[in-house]
Amino acid sequence: MQSRIVGLAPAFSLFPNLNTPHKTFTFHQILVLIITFIAYASFHASRKPPSIVKSVLGPPPVGSNSSSIDNGWAPFNGTEGTKRLGELDLAFLSSYALGMYFAGHLGDRIDLRYFLVFGMMGSGILTLVFGLGYWMNVHTLGFYLSVQIVCGLFQSIGWPCVVSVAGNWCGKEKRGLIMGVWNSHTSVGNILGSVIASSVLDLGWGWSFVLPGGLVIVSGVFVFMFLVVSPHDLGFEEPGKQMEIEMSLGENVEGSLSKHEAEDAVLLETVVDESLFAIGFLEAWRLPGVAPYAFCLFFSKLVAYTFLYWLPYYLRHTAVAGVNLSHKTAGILSTVFDVGGVLGGISAGFISDKINARAVTSITFLALSIPALIMYRIYGSVSMFINIALMFISGLLVNGPYALITTAVAADLGTQDSIKGNGRALATVTAIIDGTGSVGAALGPLLAGFISSRGWNSVFFMLIVSIFLAGLFLVRLAKAEINEMRSGELIPSSDPQS
């Protein structure tokens, strides 16, 4: 991505030793990955409270003993309570999906550090405002819907920014594994948000929003102080650019160009290409592999976000070994799904790097997740141990392809040969893929809210059908990868349709 220098982060003035040559490229690469990890983990931590407080806001479980915390919160505690909660999820996720397309387009054109911090501050403030509804005794549905809509727009800024920055600093070698580890920020944020929101739930559900909202704001200050968007800002070459220089030198016939002239030629070509070529939205859709992966993520994210927003509620309303769990226990227990998701994202990235086949890896995880969900629904209530084990396996298999597609695959597609490795396309491609997935993410929790009134078997059937459809979109790409593996000439996965 083109360097858009409006001044380095303030920390580099306060701590001169952070500048080159005191610190190496590897040091700053690791620092950027840590900063973006913290940033997006805080985003996800602030998304988790709505799922944790569902069991408090909504109608009480059938046959439960009434208590003050089980009386619910109007307008979510009536006979249509689960539908109202589903509409709340839809308000956030639909605006998030819509905002994602615009955020990616803007992210390729303005300073990403300022843009990311803007999104984090807005997200934190809106999360705090939602929590204030508890102390202000607000029972108007429009208030909560409005807050969620605006918050979704701010949240949509996060993902295109962090993926673009990480893509600037990471080359293609071992991208699946590196981004698989890095993408665990999603699950880590979910776990952190669940633990924080659950731990203070007995004090009043407003605290479950205030603390995660404050976490995003504090993390935003940290990002503003330390984040460096591009290696160029510190005088480094982007990963892979040094190889281009060496190739240019190798093609230099009889020394017709000096070393410095060859280097300048490559760098000048990069500046010209990136400054003139900010890829268009429709053009990005036509890039090889973008549409199949985007629609696959639509259904994959539908499943993942249904668990994200409804798993604590499901655990609260489903007896485990004949016992109904408390609000706090259900919220904390739901983190097991995200713990499995951490391993799933890392495993999918590692495997896809080893076999050099992103589509084959994704479709394998999706196929295995179908029997895992069936087993969890049938046997999850037998005992706590079986529930935890099957929830962990389900999280691993469901989140594996979701993590792989939103990170390594998106980075591959945004830097593929057909656009000459143009980094300025990365945020747009990332926004298209994750934005399309976010439409599914908005639909899943809404459908769960309506379908759950007919029974949880219907919800699980919806999830299984969605996984099946997600796999269908990758069949052609997977066949191509398998044929290439058989021929022993598997090409880099950055151009999946070649």
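What you see is a predicted model; the values in this text were computed from it and never measured.
For the pair I34/F226, no side-chain contact is recorded, criterion being any heavy-atom separation below 4.5 Å from C-beta on. Counting only heavy atoms from C-beta outward, the side chains of W169 and V228 approach each other to under 4.5 Å. The shortest side-chain heavy-atom distance between L215 and L192 falls under the 4.5 Å cut-off. Counting only heavy atoms from C-beta outward, the side chains of T127 and V216 never approach each other to under 4.5 Å. Side chains of I467 and I464 form no contact here, defined as non-hydrogen atoms less than 4.5 Å apart. Annotation: side chain of L57 is not in contact with side chain of N77 (no heavy-atom distance under 4.5 Å). Looking at P445 and L90, their side chains never come closer than 4.5 Å, going by heavy atoms from C-beta outward. With a 4.5 Å cut-off on side-chain heavy atoms, I217 and L128 count as touching.
With sequence neighbours excluded, the residues satisfying salt bridge (charged side-chain N to carboxylate O under 4.0 Å, His left out) with R84 are E87. Judged as a side-chain hydrogen bond (donor to acceptor under 3.5 Å, both in side chains), and not counting sequence neighbours, W205 has no contacts. Residues passing the salt bridge (charged side-chain N to carboxylate O under 4.0 Å, His left out) test with K83 are E80, sequence neighbours excluded. Legend: residues meeting salt bridge (charged side-chain N to carboxylate O under 4.0 Å, His left out) with K48, ordered by chain and number and at least two apart, are absent.
The heavy-atom pair separating S156 from A103 by the smallest distance is O-CB, 3.6 Å. Shown here for T335 and S194, the closest heavy-atom pair between the two residues is CG2-CB, 3.4 Å. In terms of heavy-atom proximity, L126 sits nearest to V147 at O-CG1, 3.4 Å. What you find for S334 and P312 is that their closest heavy atoms are OG-CG, 3.6 Å. Closest of all the heavy-atom pairs between P59 and H317 is O-NE2, 3.5 Å. Of all the heavy atoms in Q155 and S46, the pair that sits closest is NE2-OG, 2.8 Å.
The ring of F154 has its center closer than 6.0 angstrom to the ring center of F118. Checked against the 6.0 Å centroid criterion, the rings of W310 and Y313 qualify as a close aromatic pair.
Within a 6.0 Å radius of CZ in F102, other residues, nucleotides and ligands contribute 12 heavy atoms or fewer. Counted within 6.0 Å of CZ on F450, heavy atoms from surrounding residues, nucleotides or ligands total more than 12; the atom is thus considered enclosed. With a 6.0 Å radius and a threshold of 12 heavy atoms from other residues, nucleotides or ligands, F222 has its CZ atom above the threshold. For CH2 of W207, the number of neighbouring non-hydrogen atoms (other residues, nucleotides, ligands) closer than 6.0 Å is 12 at most.
A cation-pi arrangement is present between R113 and F224 under the rule of less than 6.0 angstrom and at most 45 degrees off the ring axis.
Using a 4.0 Å cut-off between charged side-chain N and carboxylate O, D353 and R358 make a salt bridge.
Judged as a side chain to side chain donor-acceptor pair (under 3.5 Å), the pairs with a partner in residues 437-458 (not counting sequence neighbours) are, in order, K301-S438, R377-N457.
Here the straight-line distance linking atom OG of S55 with atom CG of L325 works out to 10.5 Å at 0.5 Å rounding. Rounded to the nearest 0.5 angstrom, M100 CE and D434 CG are separated by 4.0 Å. Residue I52 holds its CD1 atom at 10.0 Å from CZ of F209, rounded to the nearest 0.5 Å. Summarising the geometry, atom CG belonging to L333 is positioned 5.5 Å from atom CE belonging to M384; distances are rounded to the nearest 0.5 Å. Considering OG1 of T36 and NE2 of H185, their distance stands at 6.5 Å, rounded to 0.5 Å. One finds the CZ atom of F365 at 5.5 Å from the OG atom of S347 (value rounded to the nearest 0.5 Å).
Between the side chain of S208 and the main chain of A197, a donor-acceptor pair closer than 3.5 Å is present. When atom types are taken as modelled, the side chain of Y293 and the backbone of A359 share a donor-acceptor pair closer than 3.5 angstrom. No donor-acceptor distance shorter than 3.5 angstrom exists from the side chain of S164 to the backbone of C161, with no hydrogens or angles considered. Between the side chain of T318 and the backbone N or O of L315 there is no donor-acceptor pair closer than 3.5 Å. Judged by distance alone, the side chain of Q148 and the main-chain N or O of A91 form no donor-acceptor pair under 3.5 Å. For K54 (side chain) and Y309 (main-chain N/O), a donor-acceptor pair under 3.5 Å exists by modelled atom type. The backbone N or O of N137 sits nowhere less than 3.5 Å from a side-chain atom of W73 that would complete a donor-acceptor pair. Under a 3.5 Å cut-off, the side chain of D338 and the backbone N or O of G341 do not form any donor-acceptor pair. Looking at S369, its side chain does come within 3.5 Å of a backbone N or O of L366 through a donor-acceptor pair.
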Query raised in the report: Hey, mind stepping through F76 and Y144 against ring-ring contact (aromatic ring centres under 6.0 Å, His included) and telling me if it holds?
Result: CA-CA 11 Å; F76 307 107; Y144 297 107; 5.8 Å; yes
Report task. Show your working on side chain to side chain contact (heavy atoms under 4.5 Å, CB included) between F461 and I374 and close with a plain yes or no. Result -> CA-CA 9 Å; F461 179 76; I374 294 174; over 6 Å; no
Query raised in the report: Checking side chain to side chain donor-acceptor pair (under 3.5 Å) for the pair T364/T361: CA distance, chi angles, key distance, verdict?
Result: CA-CA 5 Å; T364 301; T361 303; over 6 Å; no
Query - Worked check of side chain to side chain contact (heavy atoms under 4.5 Å, CB included) between S51 and L311 - result: CA-CA 8 Å; S51 69; L311 184 55; over 6 Å; no
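Classified by interplanar angle (parallel below 30°, tilted 30° to 60°, perpendicular above 60°), the ring pair F460/F307 is perpendicular. The aromatic rings of F43 and Y40 sit tilted, their planes meeting at an angle between 30° and 60°.
In the model, S184 has no side-chain atom that pairs as donor or acceptor with a side-chain atom of S187 under 3.5 Å.
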Please output the side-chain donor-acceptor pairs of residues 387-400 that fall under 3.5 Å, not counting sequence neighbours, one pair per line with the distance.
unit_1 : atom_1 : unit_2 : atom_2 : d
N387   : OD1    : Y376   : OH     : 3.4
N387   : ND2    : G380   : O      : 2.8
S394   : OG     : L390   : O      : 2.8

